Amino acid sequence: MSTYSLEELRHSASHVMAEAVQRLFPEAKFAIGPAIESGFYYDFDLPRPLTPEDLEEISRLMQESIKARHPFIREEVLRQEALQMFADQPYKLELIRDLPPEETISIYRHGDFMDLCRGPHVSNTGDLRWDSFALLNTAGAYWRGDEKRPMLQRVYGTIFPSKQELKDYLDRLEEIQRRDHRRLGRELDLFSLHEEAGPGLVYWHPKGARVRTIIEDFWRMRHYEGGYDILYTPHIGRSWLWETSGHLDFYSEGMYAPMQIDEEQYYIKPMNCPFHIMIYNTDVRSYRELPLRWAELGTVYRYERSGVLHGLLRVRGFTQDDAHIICTPEQIEDEILGVLRFSLRLWHDLGFDNVVAYLATRPEKAVGEPERWEQALVSLRKALEIENVPYEVDEGGGAFYGPKIDLKIKDALGREWQMTTIQFDFNEPERFGMVYTGPDGQEHRPYMVHRALLGSLERFFGVLIEHYAGAFPAWFAPVQALVIPIADRHIEFADQVFARLKAAGLRVEMDSSSDRMNAKIRKGQLAKIPYMLVIGDREAESDSVSVRLRTNENLGAMPVEAFIARAVEIITARENYRL
RNA sequence: GCCCACGUAGCUCAGUAGGUAGAGCACAUUCUUGGUAAGAAUGAGGUCAUGGGUUCGAAUCCCAUCGUGGGCUCCA
């Protein structure tokens, strides 16, 4: 079999799918049908919504087309001809009209189907394998992604060179479902959301909250070590604050309606920065006290459109691990490098070592002097290069108020999640009149950098759950050890063991129910508790526990003290993979 | 917000000619005291998302609302 790129395979499959749809709905209007990272799709304008049965029928027709081995035939046509050929296809006409005048217009035919297409394609439909594609789902999609334009029906599918590769892909989709944080959040009793109490608002259950407090404590410790101070600020602020910051002008659609207190309008905060600036401005500042690094686990509320809410990953109330670094121009390179290192180390400790960066530069419309932008950009770029972080440049992708680096981390399944952002702000220091006195005795405008490393604790927790599939490293597992007495007569010794583990600082639970040992182990396994400690006659006699790991590994009996020593060592080292 | 689908016990789900709801798991009680992933019996538990409508009668049909899920410029 000849070798085609996935792109060719997928794009060809999308044509074959369109052909099938045309046979099913002769009146269908066709929009676009590109190959994408995970497969392909095609957008159609159809007389009625597609059903799952339609997908089956489309699949069947596609198989027919593949078996018929229709050759793909390329033709180049003049613009006028193209306009005539697609006279009854309004979307195609729009595409043709938007093509630059010098562009060669090509069409591809196979069987009875013809499509405007740049190509390339496989040589005939038989180059696709009938058993290696799958239509996955349908969805609504706006023509050209514009919500003011018609909603089309999109069919997603995928195809691979071989059946096995398709199977691997579908297995991976299943694995993603198994790891879904919403599912694990329920199964492991970590968190919940309540429609009746407000969508997009997270309730942390005892076990989820336990993980959170451990990570927060760790975060605070690291921040103090890293030269940060930690702040607490209010949740609401008078409209003056948001007018001054500019949020009411630029961000009001993300903010909740004001509440009136006395005669004044107050807004719940969508960001922490104005509050930190208020603290900065409580005093005259000298260059001698800079840099200031002020961090806060600040809970903010932002309006997100109902259609985009998704478990912990997209919510309306969340806690940012926010910080603002206020420094002099001379300090920014060191500070940026420091933040980047700090962030990479934090990610490493949490078990994420795969990081890529996106550097966003000055957009057309921007505030702040160009020299400042330049200096900021240089510091960002330099830091990435010193730390050897692979990065892509998003030219003009910065916010109007400053350039930034976003870090995306890859999880255990290789998915990228945008978490960290390190962002200059040339807007708010200006608006709030932030100044410091330099060595020259003059007032200067400091640089201010916003940064959130984990991003939001809610979203981070969602990613964390999926990354570890709920099997958290022992150092932040909500329950580290489960004591399992075999029979009631072992409970007394088990109680002792429980108390000793607890005294050693371990988070331990005991299952003294009347379940059989096997059932207790099963429960421990399902709860993904790192250590299960079985206690029967032999252990009670020898002051030992029989250690079973959640990896199904059975370490056998060891003295209680030996287990404690082992566990404490692994936990205090914050090892992410060894149990 | 928009399109489509969905919303039945804590969870996963069954319940199509519309005739006053069912399973498994979980939970409770009792029996069982068992060596590395489910011992057994009994029991409790639902105004079938909410509000309207059609009907003698609605979980089942229609409408609205709320919520959930898959998506919504990887450009011929």
Side-chain angles (χ1 to χ4, degrees), chain A residues 7 10-11 14-15 18 30-43 45-46 48-52 82 86 89 91-99 103-108 115-119 136-156 177 180 182-183 186-187 189 192-200 253 303-311 484-491 512-527 532-539 546-550 552-557:
Chain A
E7 157 96 27
R10 288 172 171 174
H11 193 175
S14 96
H15 276 232
F30 297 86
I32 58 167
I36 56 174
E37 196 183 314
S38 59
F40 58 88
Y41 68 80
Y42 211 116
D43 288 343
D45 192 347
L46 300 175
R48 64 166 174 81
L50 289 171
T51 63
F86 293 99
Q89 290 289 341
Y91 304 104
K92 296 296 176 189
L93 288 179
E94 185 176 329
L95 292 170
I96 294 167
R97 294 204 177 97
D98 287 352
L99 288 173
E103 182 96 3
T104 309
I105 297 181
S106 58
I107 61 166
Y108 275 81
D115 201 358
L116 177 70
C117 182
R118 180 165 45 202
L136 299 169
N137 53 345
T138 61
Y142 296 104
W143 168 234
R144 300 197 145 179
D146 182 345
E147 31 188 293
K148 292 185 195 69
R149 312 202 63 181
M151 174 70 72
L152 306 172
Q153 294 192 64
R154 175 170 297 180
V155 179
Y156 282 97
Q177 276 193 359
D180 190 310
R182 293 165 298 180
R183 172 188 177 140
R186 150 138 295 294
E187 288 174 0
D189 197 14
S192 58
L193 297 150
H194 302 273
E195 57 174 271
E196 65 276 32
E253 74 287 354
Y303 174 72
E304 296 284 356
R305 298 195 294 177
S306 61
V308 304
L309 297 177
H310 181 86
I484 300 177
I486 292 177
D488 286 354
R489 66 176 179 281
H490 306 122
I491 287 180
S512 48
S513 71
S514 67
D515 281 334
R516 293 185 54 202
M517 179 201 67
N518 280 311
K520 294 178 183 180
I521 286 175
R522 180 160 193 275
K523 281 183 186 162
Q525 286 289 146
L526 293 176
M532 279 156 277
L533 309 175
V534 176
I535 288 173
D537 292 329
R538 300 199 292 267
E539 289 76 15
S546 177
V547 181
R548 179 195 164 98
L549 306 180
R550 67 178 167 210
N552 284 328
E553 205 176 336
N554 191 344
L555 301 185

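Given the structure is predicted, the values throughout are model-derived calculations rather than measurements. Heavy atoms only: backbone and side chains are in, while hydrogens, waters and symmetry mates are out.
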Would you indicate what A/Arg489 reaches in the nucleic acid, counting non-hydrogen atoms under 4.0 angstrom: base, sugar-phosphate, or nothing? sugar-phosphate

Mind checking if A/Asp98 touches a base, just sugar-phosphate, or nothing, with heavy atoms under 4.0 Å? nothing

Could you state the atom-to-atom distance from NE2 of A/His194 to P of B/rC66 in whole Å? 20 Å

Between B/rG52 and B/rG15, how far is it from one P atom to the other, in whole Å? 28 Å

Name the closest nucleotide to the A/Ser514 side chain, picking from B/rG34, B/rU32, B/rG35. B/rU32

Roughly how far apart, to the nearest Å, are B/rG43 and B/rG24 at atom P? 12 Å

Could you tell me how far B/rU50 sits from B/rC6 if I compare only their C1' atoms? Round to whole Å. 16 Å

Using the C1' atoms only, state how far B/rA28 lies from B/rA9, rounded to an integer number of Å. 15 Å

Heavy atoms from C-beta onward define the side chain here; which of B/rG10, B/rU33, B/rG1 lies closest to that of A/Val308? B/rG1

Of all heavy-atom pairs linking A/Asp43 and A/Arg154, the shortest is OD1-NE, 2.6 Å

Can you tell me how far P in B/rC11 sits from the matching atom in B/rU68, rounded to whole Å? 15 Å

Quiz question: going by heavy-atom distance under 3.5 Å, is there a donor-acceptor pair between the base of B/rG71 and the side chain of A/Tyr41? no

Look at the side chain of A/Asp146 against the base of B/rU73 and say whether a donor-acceptor pair falls under 3.5 Å; ignore hydrogens and angles. no

Would you mind classifying the nucleic acid contact of A/Gln89 as base, sugar-phosphate or nothing, using non-hydrogen atoms under 4.0 angstrom? nothing

Give the nucleotide from the list B/rU68, B/rC2, B/rG34 with an atom nearest to the side chain of A/Met151. B/rC2

Taking B/rG18 as the reference, what is the distance to B/rA59 when you measure between their C1' atoms (whole Å, please)? 10 Å

Matching residue for A/Val547 among A/Val534, A/Leu533, A/Asn554 - test: side chain to side chain contact (heavy atoms under 4.5 Å, CB included): A/Leu533

Using the side-chain heavy atoms of A/Pro49, tell me which of these nucleotides is nearest: B/rC4, B/rA37, B/rC72. B/rC4

With C1' as the reference atom in both, quote the distance from B/rA14 to B/rU8 in angstrom, rounded to an integer. 9 Å

Side chain of A/Ala487 (C-beta onward), nearest among B/rG70, B/rU33, B/rG10: B/rU33

Between the base of B/rG35 and the side chain of A/Glu539, is there any donor-acceptor pair under 3.5 Å? yes

Should B/rA5 form a Watson-Crick or G-U wobble pair with both distances under 3.5 Å, which nucleotide is its partner? B/rU68

Beyond-backbone contact of A/Met532 with A/Ile521, side-chain heavy atoms, under 4.5 angstrom: yes

Taking CG from A/Leu526 and P from B/rC11, how many angstroms apart are they, rounded to a whole number? 18 Å

A/Ile36 side chain: which of B/rG1, B/rC74, B/rA38 is closest? B/rC74

May I ask you to say what A/His490 touches in the nucleic acid, namely base, sugar-phosphate or nothing, with a heavy-atom cut-off under 4.0 Å? nothing

salt_bridge(A/Glu187, A/Arg182) N-O dist < 4.0 Å: no

Can you measure A/Trp143 atom CH2 to B/rC3 atom P for me and round it to whole angstrom units? 19 Å

Interatomic distance, A/Leu533 CG vs B/rG35 P [rounded to whole Å]: 18 Å

Scan A/Ala139 against the nucleic acid and name what it touches under 4.0 Å (heavy atoms): base, sugar-phosphate only, or nothing. base

Within less than 4.0 Å of OP1 or OP2 of B/rA37, is there a side-chain N or O belonging to A/Arg548? yes

Nucleotide nearest A/Ile521 when distance is taken to its side chain, options B/rC75, B/rU32, B/rA37: B/rA37

Would you mind reporting whether A/Arg489 and A/Asp537 have side-chain heavy atoms less than 4.5 Å apart? yes

Tell me the interatomic distance from A/Lys520, atom NZ, to B/rG39, atom P, rounded to whole angstroms. 11 Å

Give none if B/rG43 has no partner; otherwise give the nucleotide forming a Watson-Crick or G-U wobble pair with it, both distances under 3.5 Å. B/rC27

Step through the shown structure and confirm whether more than 12 heavy atoms of other residues, nucleotides or ligands are within 6.0 Å of CD on A/Glu37. no

In whole angstroms, the gap separating P of B/rC72 from CZ of A/Arg305 amounts to 13 Å

Starting from P on B/rG71, measure out to CD on A/Glu147 and report it in whole angstrom. 18 Å

Looking only at side-chain atoms of A/Gln525, point me to the closest of B/rG35, B/rC74, B/rA37. B/rA37

Pairwise P distance, B/rU47 and B/rU32 [rounded to whole Å]: 37 Å

Figure out the CD1/C1' separation between A/Ile486 and B/rU33, and round it to whole Å. 10 Å

Could you tell me whether the side chain of A/Ile107 reaches within less than 4.5 Å of the side chain of A/Asp115, counting heavy atoms only? no

